[in-house]
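The block underneath contains the structure these notes are about, expressed in structure tokens.
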Amino acid sequence: MSDADDLLNGLDPEQREVATTLRGPVCVIAGAGTGKTRALTHRIAYGTATGVYKPTEVLAVTFTVKAAGEMRERLRTLGAGGVQARTFHSAALRQARYFWPRVYGTEFPQILESKFAFVAEAARQVGVRADQALLRDLSAEVEWAKVSNVRPDDYGAEAVRRQRTVGDIDPGEVGAVLRAYEQVKRDRGRIDMEDILLITAAILADEQAIAAEVRRQYRWFVVDEFQDVNPLQSTLLDLWLGGRDEVCVVGDPRQTIYTFAGASATILGDFTTRRFPDAPRIELVRNYRSTPQIVAAANEVFAGRGPSVTLGVRLQSQNSPGPAVDYRPFADEPAEADAIADRIVALHRQGVPYREMAVLYRINAQSEVYEEALGRLQVPYSLRGGTGFFQRPEVRQAVTLLRGSAHAGEGSGSLADDVRAVLAAMDYSETPPEGRGAVRDRWESLQAIHTMAVDLAQEQPQADLAALVADLDRRADQAHAPSTDGVTLSTFHAAKGLEWDAVFVAGAQEGTLPYVATMDEPAAIEEERRLFYVGITRARRHLMVSWSAARKAGGQARRKPSRFLDRLLPEDVQVSRAPKRKVRLPQPDLDYDEALFERLRAWRKEISQEESKPAFTVFNDATLKAIAAIRPSSGDQLLQVSGVGQSKLEKYGDGVLAIVADS
Ligand code: ATP
Ligand code: MG
């Protein structure tokens, strides 16, 4: 027995309760960083060590292959290596493969790696014109319908009821694509990922002998991240249980971030209120990951927003205090990215390894400025769950088209017009497409290129397509430093479950967070709030939350800090809603020393020729004007100017200060 009791050491009282409540249904509502996996794995290990469970009779289910692997590894070190830890898919696939021949007398069908080609064929058949991005969105919609138990015939009505849109296709037509897709798939004798779960469920529901066999094999069930379970997975779990109640689920309602893909947090809510009203409900609230400062911010995100049954738990930090959360407004995105890159370099000098830092943002298209800013300082980084901006297919295609036009010497004299004309061949226009998903992502990429062109034209009025292509090449070059040991660049979605010493939550402005495409739907806004929560709870010690008033350098300062910051911002930041430490960019009519400005420009030209890079990447005009206005006399004063970060100070500080001192 002492071996088993050893397993309980190093657990707090609530975790211990989870680990020792071995029988009957158990519902664990656990906050971020409270040690969910730790409690679950110890429960399984304790159950097997005390002989209550036979290892082979336990099935532990998680959502990602990575998480399942980690769980197996932990179980092995706790002496419970014989336990199955799988994703819903892999558990279902195993059973479906095994029983298929017995039920249908044929070989198990081939599994479709990607729906794409069949969805394309289905769209063609029903006369829906779709490009690659729209096909990706249609594939995602096929998946949503299948995991949500929505059949093609019912799709149109359900889509209207649940306000789902796919591009600008009529819901009835989407339903027709779904129906055609199923037919194409049947004709080719293939099955897709969702079919694996559907087939397993059908076999368990229809074949009593097989259901009994499966239920004899598995008697104890554990599900992690239960807040992300979808109706199809929930049905499968019910069939595995077959009316029994030996199941322990763990979830955090505050981290439900996949409802758009079919996850339903009500399934977690129903677990204790309807399914098993007598099940013990154990809360884990002690946060072992983050400092009290970060935990306080995380709690505030949900302050005053309803009962904990639906909204999860308030966290209590178990760690010693750390630095205050740093909330920082910026004039524009490049300034924000430069400041983050500078801060990363500074933390690195203080001993924080690059791999212990992450920059998190809402959508993939935001990665470009960070790739560029980090690349410029030669900081290694890697993108999680996404491709680098310049590797994305639409960006490559756009650059190829622009290069072609530049070579052909085409151009009207207006760079922005020329770029719009070239990108029009890819169906780009400045008006964003409806909804979110791949179509919107693709548009965001093209929009980013358009913005770069507008920026360039503003900095260099004579710039043409060739200059733009050169500028894009330079950016691609600079951004290219991927490394596995570097800083992580990730969307909030892909950061789920992970943790770093230092986290930068970037782009926390209205329109980006919450994302503009979600803003007319209250439920979608709440999901955005949970995304923000997932983002800030990834941080152990250092957390910086930043936003920028304009998208591009010198643009109009229209954007407001995210509404999710309303309760978080210290008074001074909130009131000014403008750069705190930085000097506001001088307006055109603001007083600056024009002679000094011209000398700074001449100096910049020399530097840009020496380093053979565009002048504005040294300092842009607005920055030079600000310098000419405040006439800094020290490095510290120079740092106060928007557009001057640590790295630029080191590179150009002496030169600039000498010119100012001389004039
Ligand atoms: P998330 O909701 O973000 O997925 P989680 O609840 O799964 O978080 P874990 O990642 O398992 O939390 O744990 C967070 C951190 O706290 C880990 O570094 C883990 O080792 C540590 N931890 C958990 N429980 C304890 C404990 N009782 N004593 C010390 N450290 C602990
Ligand atoms: Mg976790």
Side-chain angles (χ1 to χ4, degrees), residues 4-22 26-49 58 60-64 66-80 83 85 221-228 247-257 268 271 280-299 302 308 311-320 322 356 495-501 503 530 533-541 543:
D5 286 340
D6 278 351
L7 287 167
L8 302 179
N9 294 338
L11 296 184
D12 66 31
E14 294 77 29
Q15 292 173 333
R16 197 170 296 196
E17 196 186 342
V18 176
T20 54
T21 309
L22 296 173
V26 177
C27 180
V28 183
I29 301 292
T34 54
K36 288 191 279 275
T37 313
R38 192 179 175 111
L40 276 191
T41 47
H42 281 72
R43 180 178 187 272
I44 295 168
Y46 187 69
T48 54
V58 182
V61 192
T62 64
F63 281 80
T64 64
K66 184 165 181 257
E70 270 174 27
M71 201 177 237
R72 269 196 297 278
E73 182 58 30
R74 290 212 213 173
L75 286 168
R76 206 176 48 73
T77 49
L78 296 175
V83 170
F221 296 86
V222 167
V223 188
D224 198 1
E225 307 264 12
F226 199 68
Q227 78 278 356
D228 275 327
V247 55
C248 171
V249 303
V250 181
D252 179 3
R254 293 184 172 185
Q255 293 189 71
T256 308
I257 56 173
L268 173 61
F271 189 91
R281 182 176 182 282
I282 303 168
E283 288 190 355
L284 304 184
V285 301
R286 296 175 212 252
N287 174 292
Y288 293 93
R289 177 179 294 149
S290 313
T291 61
Q293 285 84 355
I294 293 165
V295 164
N299 284 331
F302 293 98
S308 68
L311 286 169
V313 302
R314 263 186 91 79
L315 297 169
Q316 292 167 8
S317 174
Q318 304 298 301
N319 292 316
S320 47
E356 285 300 340
K496 194 165 182 256
L498 305 178
E499 56 187 33
W500 294 272
D501 285 342
V503 168
R530 296 190 293 268
Y533 177 79
V534 166
I536 63 180
T537 54
R538 302 305 97 201
R540 294 200 194 98
R541 207 175 153 73
L543 173 63

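Between the side chain of Thr21 and the main chain of Val18, no donor-acceptor pair closer than 3.5 Å is present. Put simply, the side chain of Arg538 gets close to the backbone of Leu498: a donor and an acceptor are under 3.5 Å apart. A donor-acceptor contact shorter than 3.5 Å is absent between the side chain of Asp501 and the backbone of Ala539. Side chain of Asn299 to backbone of Leu315: a donor-acceptor contact under 3.5 angstrom is found. The backbone N or O of Ser290 lies less than 3.5 Å from a partner atom in the side chain of Ser317, making a donor-acceptor pair. Judged by distance alone, with hydrogens and angles left aside, the side-chain atoms of Thr34 form no donor-acceptor pair with the main-chain N or O of Ala30 at under 3.5 Å. Looking only at distances, no side-chain donor or acceptor of Arg281 sits under 3.5 Å from a matching main-chain atom of Cys27.
Between Thr48 atom OG1 and Leu7 atom CG the span is 7.5 Å, to the nearest 0.5 Å. Taking CD1 from Ile282 and CD from Gln15, the interatomic distance works out to 11.0 Å, rounded to the nearest 0.5 Å. Rounded to the nearest 0.5 angstrom, His42 NE2 and Leu75 CG are separated by 10.0 Å. Note that CZ of Arg289 and CZ of Arg541 are 16.0 Å apart. Values are rounded to the nearest 0.5 Å. The distance from the NZ atom of Lys36 to the CD1 atom of Ile29 is 10.0 Å, given to the nearest 0.5 Å.
Here the side chains of Arg314 and Val285 are not in contact, with every heavy-atom distance at 4.5 Å or above. Within the 4.5 Å cutoff, no side-chain heavy atoms of Phe302 are placed close to those of Val313. Between Arg43 and Val26, some side-chain heavy-atom pair lies under the 4.5 Å cut-off. By the 4.5 Å heavy-atom criterion applied to side chains, Met71 and Leu40 are counted as neighbours. At a threshold of 4.5 Å between non-hydrogen side-chain atoms, the residues Val295 and Gln316 do not count as touching.
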>> Quick one, Leu543 with Ile536, criterion side-chain contact (heavy atoms from CB on, under 4.5 Å). Give me CA distance, side-chain angles, the key distance, then yes/no.
In response: CA-CA 7 Å; Leu543 173 63; Ile536 63 180; 3.8 Å; yes

>> I'd like to know whether Thr291 forms a side-chain contact (heavy atoms from CB on, under 4.5 Å) with Ser320, so could you lay out the CA-CA distance, the side-chain angles of the two residues, the decisive distance to 0.1 Å, and finally the verdict.
In response: CA-CA 6 Å; Thr291 61; Ser320 47; over 6 Å; no

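Closest of all the heavy-atom pairs between Tyr46 and Thr20 is CE2-CG2, 3.7 Å. When all heavy atoms of Glu356 and Trp500 are compared, the closest pair comes out as O-CB, 3.4 Å. For Ala60 against Ile44, the heavy-atom pair with the smallest separation is CB-CD1, 3.9 Å. Contact record, Val247 with Phe271: CG1-CZ, 3.9 Å, taken as the closest heavy-atom pair. Nearest heavy atoms, Tyr288 versus Gln318: CE2-CG, 3.8 Å. Shortest non-hydrogen contact noted between Ala45 and Ala80 is CA-CB, 4.1 Å.
Salt-bridge annotation for Lys496 and Glu225: present, with a side-chain N of the basic residue lying under 4.0 Å from a carboxylate O of the acidic one. A salt bridge links Glu499 with Arg540: the distance from a Lys NZ or Arg NE/NH1/NH2 to an Asp or Glu carboxylate oxygen falls below 4.0 Å. Under a 4.0 Å N-O distance rule, the pair Asp12/Arg286 qualifies as a salt bridge. Between Glu14 and Arg16 there is no salt bridge, since no side-chain nitrogen of the basic residue lies less than 4.0 Å from a carboxylate oxygen of the acidic one.
The side chain to side chain contact (heavy atoms under 4.5 Å, CB included) with Thr256 is formed by just one residue from the set Val534, Asp228, Leu268; it is Asp228.
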